[in-house]
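Take a look at the structure set out below.
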2 protein chains.
Amino acid sequence: MSTVLSKSQQAYSTVHDRILTGEYAPGERLVLGRIGQELGCSVVPVREAIRRLEAEGMVTFERNVGARVAVIDEQAYLETMETLSIIEGAAVSLAAPFVSIADLASAREVNDRMRALLEDFDPVEFTNLNERFHRALSGRCPNSHLNDLVDRGWTRLDRLRRSTFTYVPERAAASIQEHDRILQLIGEGADPRTIELAVREHRLATPKAYLHRTDDPGDPEVLASAPGASPATSSRSHRPTTQGAS
Amino acid sequence: MSTVLSKSQQAYSTVHDRILTGEYAPGERLVLGRIGQELGCSVVPVREAIRRLEAEGMVTFERNVGARVAVIDEQAYLETMETLSIIEGAAVSLAAPFVSIADLASAREVNDRMRALLEDFDPVEFTNLNERFHRALSGRCPNSHLNDLVDRGWTRLDRLRRSTFTYVPERAAASIQEHDRILQLIGEGADPRTIELAVREHRLATPKAYLHRTDDPGDPEVLASAPGASPATSSRSHRPTTQGAS
DNA sequence: ATGTCGGGGATCGTATACGATCAACGGAGC
DNA sequence: GCTCCGTTGATCGTATACGATCCCCGACAT
């Protein structure tokens, strides 16, 4: 009795997927009428779908001009990673008390599969497992709103992250070790703040490596100043640093 | 020259506002046709507006049944506050290096107006100033995505927060002092993490007070376990063994 | 050569129309 | 008296139609 999806829903998920797969490239124009034809429906459902995608930030819309796939430039990528590091760190630390032994075992198994994948490296599969690993942990967070934000962060990232490990393959091995550490911290009931910072640093490590590899001249400070990520940032906080809490 | 807003936009902001003001109560049914009549337009623009509101979580939608104003229960309120505490804490700490002397002065002035408001207390005005104070700081955060999330958090909260200080008036005085401390930390270029925690605790203090006032027996752990919020929580974080959590 | 104006085509914005679906109600059968 | 089922009204979902707006491009004047 699975009710046929409404055309509006169809349009939504189709366009959504096509954006994720890259079939609709960033910046590409999304003409309502054309999409309607391709989907075999009129423009009305397509319009609704586009509206939702707009609200989710996947497409931009201009009055009387039309929609286009949102452009994700490097800046946006870095911001998304930084934001996700913050949100996910908090989510995992909140989730920690609710992570069962079974959950830990399951996550560990995923991590082992990643380890096995190191030889004969497959960036895409590796990335998929990576996402599974992380969702397994943050998913236990009792704050559903926070969870939702983690979800959105990953989705937002999916458009680029697909190839993250292609660009920075040397991160793979370190990543797995950091996963081990996170699991250990959770397992031994470490201080929430410690867990939070561990996850945060872990997530920030990849974009940092990415920046170092592409070009050092730029301005990697965007991430350098992430709170608590690197204790010794020495970022140009022109103000005298008074020592804070431990 | 201001181009007339599209009816879709009109519909969006009208419904949005009506939800915020409470004219449309939580759980209330939103009949497309009726709204269209009230706004003097057909249902199509209304549908689009509802879709966007749906994507933002302000309304829920059920196929072939219709839309209704999303219900915000106490749980959702607490989760939103907790989430905002995390996001805003990070945003302010990232913003700190970019907060100018003028910004600080401006924020201090807002805080002074709040102080003046303590006698002859006006919860609504107080709350407005409070939001202004906070946005002035987090607004300097260079991570626009994070900023956007702060914005959404406040908006989401606006539906309930309107009356927060009505419920917990004794928080007002403490709140102002905490503002002072935050300004001081930023002014002296304190460690980002210190700033982050200060903002986090500040935001969490109100819902905590709220919980204590309404009923202490309950289970205020939702917030007690916020990472780093209260160093001495000693939350009995016993891990659920094998068996699923919750 | 450059800048301005205007026509034409593509696309958007919205109203209207109509079939589809759901929920509520009331009567027939047990 | 209770359950089941068909009818009915309200509302949703979508197609179609048509006016409104914008962008592109070529002609004309400077």
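If you're wondering where the values come from, they're calculated on a predicted model, not measured in any experiment. So you know, we letter chains A, B, ... as the sequences are listed, proteins then strands, and number each from 1.
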Report summary line: side-chain hydrogen bond (donor to acceptor under 3.5 Å, both in side chains) filter on B:Asp103, not counting sequence neighbours, yields B:Ser100, B:Arg140
Please enumerate all protein N or O atoms sitting under 3.5 Å from an N or O of nucleotides 5-9 of chain C, with distances to 0.1 Å.
none

Query - Listed partners of A:Asp151 passing side-chain hydrogen bond (donor to acceptor under 3.5 Å, both in side chains), at least two apart - result: A:Arg135
Query raised in the report: Among all residues two or more places apart in sequence or in another chain, which pass the salt bridge (Lys or Arg N to Asp or Glu O under 4.0 Å) test with B:Glu56?
Result: none
Query - With A:Arg113 via salt bridge (Lys or Arg N to Asp or Glu O under 4.0 Å) - residues at least two apart - result: none
Requested in this report: Please collect all ring-ring contact (aromatic ring centres under 6.0 Å, His included) contacts where either partner lies in residues 10-45 of chain B, sequence neighbours excluded, each pair once.
Outcome: B:Tyr12-B:His16
Query raised in the report: Taking only residues two or more places apart in sequence, or in another chain, which ones meet B:Arg47 in a side-chain hydrogen bond (donor to acceptor under 3.5 Å, both in side chains)?
Result: A:Glu48
Query - Carboxylate-amine/guanidinium proximity below 4.0 Å for A:Glu28 and A:Arg68 - result: no
Grab the N/O contacts between the protein and nucleotides 13-16 of chain D below 3.5 Å, and write none if there aren't any.
unit_1: D:dG13; atom_1: OP1; unit_2: B:Asn64; atom_2: N; d: 3.4
unit_1: D:dG13; atom_1: OP2; unit_2: B:Arg47; atom_2: NH1; d: 2.5
unit_1: D:dG13; atom_1: OP2; unit_2: B:Arg47; atom_2: NH2; d: 2.9
unit_1: D:dT14; atom_1: OP1; unit_2: A:Lys7; atom_2: N; d: 2.4
unit_1: D:dA15; atom_1: OP1; unit_2: A:Ser42; atom_2: N; d: 3.3
unit_1: D:dA15; atom_1: OP2; unit_2: A:Ser42; atom_2: N; d: 2.5
unit_1: D:dA15; atom_1: OP2; unit_2: A:Ser42; atom_2: OG; d: 2.5

Report summary line: B:Asp148 meets the salt bridge (Lys or Arg N to Asp or Glu O under 4.0 Å) criterion, sequence neighbours left out, with B:Arg152
Report task. Answer with base, sugar-phosphate or nothing: what part of the nucleic acid does A:Arg29 contact at a heavy-atom distance below 4.0 Å? Result -> sugar-phosphate
